[in-house]
Asker: 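Next up is a structure, given as structure tokens.
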Amino acid sequence: MITFRWFGSRDPIPLTHIRQVPAVRGIVSSLFDIPVGEPWPLDRITALRAEVERHGMSLTVIESIPVHEDIKLGRPTRDRFIDNYCESVRNMGRAGVPVLCYNFMPVFDWMRTDLARQLDDGSTALAYDDAALAKINLSRGTADLPGWATTYTSAALKKLLDAYRSVSEDKLWENFAYFLERVVPVAAASDVRMALHPDDPPWSIFGLPRIITSGAALERVTNIVDDPANGITFCAGSLAADPKNDLPGIVRGLGSRSRIHFVHLRNIKRTGPRSFQETAHPSELGDIDMRSMIATLHETGFDGPIRSDHGRMIWGESGQPGYGLHDRALGAMYLHGLWEGITGG
């Protein structure tokens, strides 16, 4: 199923416009006003689903229920936040939403250093460069930076970064396992599939540990709790930022075990070591063979939700960086065409 991300009532792109994109019948959304760590009420999830269905589509994926930093840090308060997370997952199941996309990135979610890199065709796209990241001054907090669910003041951010100084990669793995061991059984009992998103970009930033950076890491995640409910979001753009990642191999390894529950497909062009810019979706414009991605997913029996991920800003459109209507709609139709051509339906 081709899906489309929608940011709820705050999104300048209404569901009426998304409904007009041929082949898009699934919506990926979230509840954006609930504080991180608080349980999601059933009636709110049900209302979101009803709003989507009123426009002739289905609420297919929640992206995401953020994981509280106390869980990642392994603090004594984590059990309370894990209990709240489990209640949110149960309510997802009660509301009939089948897939939860989430991540386990410390402090910062996806990170870019340029929200409007001008491409040769005059469009603008998201971009990342490690050298530019090194020049970012975090003493002002996170208010001016992209990519996460929570905004921190300079004092709060310093305190949080200091707390992570004692968290190694091994410790973060330990804390993640503690989380999965408690949440996955609840997800399985609730008919919810957990779909972990890889770290974006797939390497350490600001000295923080990042562990979900490769196919081996994703395999390790699914083996911590070996249950079909414990799966991944295959994000081609995130993983491709590191040229060492074998994308078709990752799909075959996890797809053969039915552990890919959600797919993000976008293209990137690597512009140097730990440097890349996002592009339009077609294969020839970036470093990802999109036909190969669709063909390999089909070979492994994948039949779940796929979304055209970030898009460029084109045709004079403005809005939330990476999430305009026009280029994501083009991407959705490109992916649909590939799928139809390869699968015959």
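All values below come from the heavy atoms of this structure, side chains included, with hydrogens, waters and symmetry mates left out.
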Asker: Would you please say whether a donor-acceptor pair under 3.5 Å links the side chains of Glu69 and Tyr164?
Answerer: yes

Asker: Are Tyr85 and Phe179 near enough that their ring centres are under 6.0 Å apart?
Answerer: yes

Asker: Residues two or more places apart in sequence or in another chain: which of them pass ring pair (Phe, Tyr, Trp, His ring centres under 6.0 Å) with Tyr323?
Answerer: Phe7, His310

Asker: CZ/Phe262 to SG/Cys235 distance, rounded to the nearest 0.5 angstrom?
Answerer: 9.5 Å

Asker: Side-chain donor-acceptor contacts of residues 180-192 below 3.5 Å, not counting sequence neighbours, with atom names and distances?
Answerer:
from	atom 1	to	atom 2	distance (Å)
Arg182	NH1	Tyr178	O	2.9
Ser190	OG	Val186	O	2.8

Asker: Between Met105 and Trp203, is there shared hydrophobic-cluster membership here, with clusters defined by ILVMFWY side-chain heavy atoms closer than 4.5 Å?
Answerer: no

Asker: So that I can tick it off, tell me whether Asp242 and Lys244 are bridged by a salt bridge, with the cut-off set at under 4.0 angstrom between side-chain N and carboxylate O.
Answerer: yes

Asker: State whether Asp120 and Lys269 are salt-bridged, where the test is any N-O pair (Lys NZ or Arg NE/NH1/NH2 against Asp/Glu carboxylate O) under 4.0 Å.
Answerer: no

Asker: Relative to Trp173, does Arg220 satisfy both conditions: NZ or CZ under 6.0 angstrom from the six-membered ring centre, and within 45 degrees of the ring's axis?
Answerer: yes

Asker: His261: which residues meet the ring pair (Phe, Tyr, Trp, His ring centres under 6.0 Å) condition with it, sequence neighbours left out?
Answerer: none

Asker: For the residue pair Met1 and Thr3, establish whether any side-chain heavy-atom pair is separated by less than 4.5 Å.
Answerer: yes

Asker: Which residues satisfy the ring pair (Phe, Tyr, Trp, His ring centres under 6.0 Å) test with Phe276, sequence neighbours excluded?
Answerer: Tyr128

Asker: Looking only at heavy atoms, which two atoms of Ser88 and Glu38 are closest? And how far apart?
Answerer: OG-O, 4.1 Å

Asker: Is a donor from one side chain sitting under 3.5 angstrom from an acceptor on the other, for Asp109 and Asn103?
Answerer: yes

Asker: Output all residues satisfying ring pair (Phe, Tyr, Trp, His ring centres under 6.0 Å) with Phe81, sequence neighbours left out; order by chain, then residue number.
Answerer: His68

Asker: Which heavy atom of Ala329 sits nearest a heavy atom of Phe4, and at what distance?
Answerer: N-CE1, 3.8 Å

Asker: Check Arg210 with Glu169, please: is the shortest side-chain N to carboxylate O separation under 4.0 Å?
Answerer: no

Asker: Decide whether Asn223 and Arg259 meet the rule of one side-chain donor and one side-chain acceptor closer than 3.5 Å.
Answerer: no

Asker: With no hydrogens and no angle check, do the side chains of Thr77 and Asp70 hold a donor and an acceptor under 3.5 Å apart?
Answerer: yes

Asker: I'd like a table of donor-acceptor pairs (distance under 3.5 Å, sequence neighbours excluded) in which one partner is a side-chain atom from residues 333-342, with atom names and distances.
Answerer:
from	atom 1	to	atom 2	distance (Å)
Tyr334	OH	Ser283	N	3.2
Tyr334	OH	Ser283	OG	3.4

